[in-house]
Amino acid sequence: MLLPACGDDSAAASDGTTATGTTGIDLTAATTEGPTPTTGPPTSSAGETDTDGPPAATFCAQIDVSLVLHPSVKIYDAANKQALLGYFDKLVEETGATVRILPNVGTEFMVTTDCLLPLGNAAGDPILVYGEGGEVAPGAAEALGCTLDAFDVYKSDFDVGNYMFSGLMFPVLERDDWPAPGATGIAMLVAASDDKQANMYAQPGQASEAYLRLVGEGDRRRVAAFTFGDGGFELNMFSLAVSAYSRHYEASSTSYAAALAEFAPLAVQTCEDFDYEEPPPEVEPSGCERIDVLFAIDGSGSMDEEQNALRGTNGMPPVFAEFTDALLQELTDVEDFHVGVVSSEQGYTAMHTHSNFPLMPESPETDCGLPPGQRWLVGPSPTFADEFACVAATRSGTEEVTYYNLAEALHDPANAGFLRDDSLLIVVILTDEDTYDFVLTTSVAIRQRIVDAVGGDLDRLVVLAIAGGQGVFEMPETVCQGVYGDAAPGRRIISITRGFRERGLFQNICQGDLAATFSGVLDDIVSACAQFNPVP
């Protein structure tokens with residue numbers, strides 16, 4: 001969960017060469033031997049200093065903006081053009097950084113125009129240097145305006161320019177000069193509706209992971225996203241996943257000009273925080289003393305082996321019981337934990353008190369022996385492994401709604417008392433299929449329900465999704481084969497999970513067994529618990 005500091009050596013600048021942008025700006029100092037990180041809050045503009053206070057913040061040397069515009073969105077009139085130009089003026093003037101723009105429509109093919117030729121760009125070079133040193137470059141505004149006019153009448157035999165994630169990521173993959181190593185990256189996706197490609201790689205989780213990895217070099221402080229569209233839930237999930245400074249704006253409720261004006265300070269702040277180092281807290285976190293764990297377990301027939309491993313049946317060691325033992329060895333201040341299990345079957349969000357629920361009716365033979373009125377286990381206890389083996393045995397159909405049920409279980413009155421006000425909440429999905437809850441609600445709404453359960457405080461939350469992997473944007477995967485059999489890509493599961501940023505953990509069910517999976521996230525959960533500071 002600890003991301004590499006942007007001042008560390010990075011793979012993109014590890015060959016010993018000087019990293020430069022189109023204008024020849026030397027970014028080596030920003031990526032390898034940058035100034036000492038500031039410990040005071042960043043100042044509001046690049047040139048200010050305060051000799052009586054903490055040292056002034058240093059700014060990023062360069063900002064590379066991927067500007068992806070849908071030809072059909074209503075932004076090509078004079079007023080909206082001026083709003084976009086004003087946004088870039090502010091970015092140049094308030095950061096002092098070199099600001100480069102790579103404009104494109106939503107397409108897998110890089111669209112080029114003749115608009116940059118008057119600036120000295122070679123034919124086919126689409127990168128616009130908008131300004132540097134606090135000054136907008138002569139002719140830059142006119143060149144961008146010309147580009148907007150060209151996009152307004154864009155025509156193609158292959159698409160209509162609404163493949164937003166492809167328009168963002170294909171130039172990154174195909175151009176050696178974009179982005180510059182060490183630059184701050186701003187993704188701006190402006191759509192009429194939402195991303196329309198919706199194939200195996202054009203997914204918000206896939207695109208956000210690739211953008212963070214390839215542009216931000218794994219450091220969320222170096223990237224931000226602005227997304228705009230009507231009903232743009234996929235765009236929203238992308239922005240949620242990229243960084244805390246990212247924002248999505250619905251065109252039906254916020255005008256384009258207003259959205260740009262609101263986002264501009266966040267873009268500036270992303271640059272200001274390039275090497276900003278948070279001061280240590282005045283009061284050290286107390287750590288968590290209580291942990292609440294909620295499972296959503298796929299109960300379809302293909303999950304027998306995974307369930308047996310999790311529960312510890314047929315001679316197998318009880319993976320989750322062993323994991324809780326290891327967790328408590330690390331977290332000696334934890335007093336107790338609650339564990340609940342919910343089905344993947346639509347309509348069942350009350351936690352299990354019987355085995356093989358809900359397809360097998362509750363009966364004395366399936367009763368797991370929980371106290372009356374209590375739908376969760378309390379540990380540690382000598383009987384925890386056996387009790388968990390009972391409630392974690394679930395049977396359901398093949399239309400899994402794992403994420404939806406998990407989110408709704410946190411609000412189901414039947415489960416009242418499970419989630420405590422001062423606990424760290426860990427939610428776990430275990431499945432070999434994607435979640436089919438798109439028929440019920442949006443991925444954004446599911447994420448919000450989970451966040452609402454912890455009062456909007458991501459520090460109280462760890463989300464672990466164990467499902468089929470989908471590869472990376474450059475090389476997507478289909479069905480994978482693991483120790484428990486086949487698993488379909490959990491594309492929607494991954495997108496929602498990445499929306500929790502550092503607190504969203506994904507483990508590919510095809511890469512190793514469940515014992516290795518839980519062992520792999522142990523340090524992340526221990527770290528989350530250590531950073532926890534419950535509000536009295």
Please find the pair of heavy atoms, one from [X] and one from [Y], that lie closest to each other, and give the distance.
{"X": "Ala180", "Y": "Asp64", "answer": "N-OD2, 2.8 Å"}
{"X": "Phe238", "Y": "Ala225", "answer": "CE2-CB, 3.7 Å"}
{"X": "Tyr436", "Y": "Glu433", "answer": "OH-OE1, 3.1 Å"}
{"X": "Val334", "Y": "Cys529", "answer": "CG2-SG, 4.3 Å"}
{"X": "Val319", "Y": "Phe518", "answer": "CG1-CD1, 3.7 Å"}
{"X": "Arg311", "Y": "Thr313", "answer": "NH2-CG2, 3.6 Å"}

Rounded to the nearest 0.5 Å, what separates atom [atom1] in [X] from atom [atom2] in [Y]?
{"X": "Ile426", "Y": "Ile291", "atom1": "CD1", "atom2": "CD1", "answer": "5.0 Å"}
{"X": "Tyr404", "Y": "Ile496", "atom1": "OH", "atom2": "CD1", "answer": "12.5 Å"}
{"X": "Met169", "Y": "Ser66", "atom1": "CE", "atom2": "OG", "answer": "8.0 Å"}
{"X": "Ser300", "Y": "Asp298", "atom1": "OG", "atom2": "CG", "answer": "3.5 Å"}
{"X": "Leu294", "Y": "Leu419", "atom1": "CG", "atom2": "CG", "answer": "9.0 Å"}
{"X": "Ser243", "Y": "Arg221", "atom1": "OG", "atom2": "CZ", "answer": "12.0 Å"}

Is [X] reaching over with its side chain to a backbone N or O of [Y], donor-acceptor style, under 3.5 angstrom?
{"X": "Asp434", "Y": "Ile493", "value": "yes"}
{"X": "Tyr154", "Y": "Val105", "value": "no"}
{"X": "His338", "Y": "Trp376", "value": "no"}
{"X": "Asn104", "Y": "Val111", "value": "yes"}
{"X": "Ser396", "Y": "Gly299", "value": "yes"}
{"X": "Gln203", "Y": "Phe473", "value": "no"}
{"X": "Arg503", "Y": "Val463", "value": "no"}
{"X": "Gln206", "Y": "Gln470", "value": "yes"}
{"X": "Thr349", "Y": "Ala409", "value": "no"}
{"X": "Arg247", "Y": "Ser239", "value": "no"}

If we ignore angles and hydrogens, is there a donor and acceptor under 3.5 Å between the side chains of [X] and [Y]?
{"X": "Gln307", "Y": "Thr394", "value": "no"}
{"X": "Thr184", "Y": "Thr270", "value": "no"}
{"X": "Ser302", "Y": "Tyr484", "value": "no"}
{"X": "Gln197", "Y": "Ser166", "value": "yes"}

**Request:** Please assess Arg460 against Ser423 for the test side-chain contact (heavy atoms from CB on, under 4.5 Å), listing each intermediate value before the final yes or no.
**Result:** CA-CA 7 Å; Arg460 279 195 61 195; Ser423 66; 3.5 Å; yes
**Message:** Could you walk me through whether Met110 and Leu102 satisfy the side-chain contact (heavy atoms from CB on, under 4.5 Å) test, starting with their C-alpha distance in whole Å, then the side-chain angles of each, then the deciding distance to 0.1 Å, before giving a yes or no?
**Reply:** CA-CA 10 Å; Met110 187 69 225; Leu102 183 60; 3.7 Å; yes
Between [Y] and [X], is there a side-chain heavy-atom distance shorter than 4.5 Å?
{"X": "Val521", "Y": "Val462", "result": "no"}
{"X": "Glu477", "Y": "Pro489", "result": "no"}
{"X": "Phe388", "Y": "Phe295", "result": "yes"}
{"X": "Leu327", "Y": "Val526", "result": "yes"}
{"X": "Glu399", "Y": "Gln346", "result": "no"}
{"X": "Phe320", "Y": "Val293", "result": "yes"}
{"X": "Leu260", "Y": "Tyr249", "result": "no"}
{"X": "Leu214", "Y": "Glu474", "result": "yes"}

**Prompt:** Does atom OH of Tyr348 have more than 12 heavy-atom neighbours from other groups under 6.0 Å away?
**Reply:** no
**Asked** Pick one: which of Thr402, Thr435, Asp437 meets side chain to side chain donor-acceptor pair (under 3.5 Å) with Arg492?
**Response** Asp437
**Request:** Please say which of Val483, Asn308, Ile466 ends up in a side-chain contact (heavy atoms from CB on, under 4.5 Å) with Leu514.
**Result:** Ile466
**Request:** Check the pair Val190, Leu84 against side-chain contact (heavy atoms from CB on, under 4.5 Å), reporting the backbone distance first and the verdict last.
**Result:** CA-CA 11 Å; Val190 182; Leu84 183 61; over 6 Å; no
**Message:** List the residues meeting salt bridge (charged side-chain N to carboxylate O under 4.0 Å, His left out) with Glu306, not counting sequence neighbours, and say none if there are none.
**Reply:** none
**Intermediate values then yes/no, side-chain contact (heavy atoms from CB on, under 4.5 Å), Met351 and Val341** = CA-CA 5 Å; Met351 295 177 192; Val341 176; over 6 Å; no
**Message:** I'd like to know if Asp159 pairs up with Lys196 as an ion pair, taking the criterion as any Lys NZ or Arg NE/NH1/NH2 lying under 4.0 Å from an Asp or Glu carboxylate oxygen.
**Reply:** no
**Prompt:** Taking 4.0 angstrom as the limit, do Glu209 and Arg498 come out as a salt bridge?
**Reply:** no
**Item:** Phe337 and Phe384 aromatic centres sub-6.0 Å
**Value:** yes
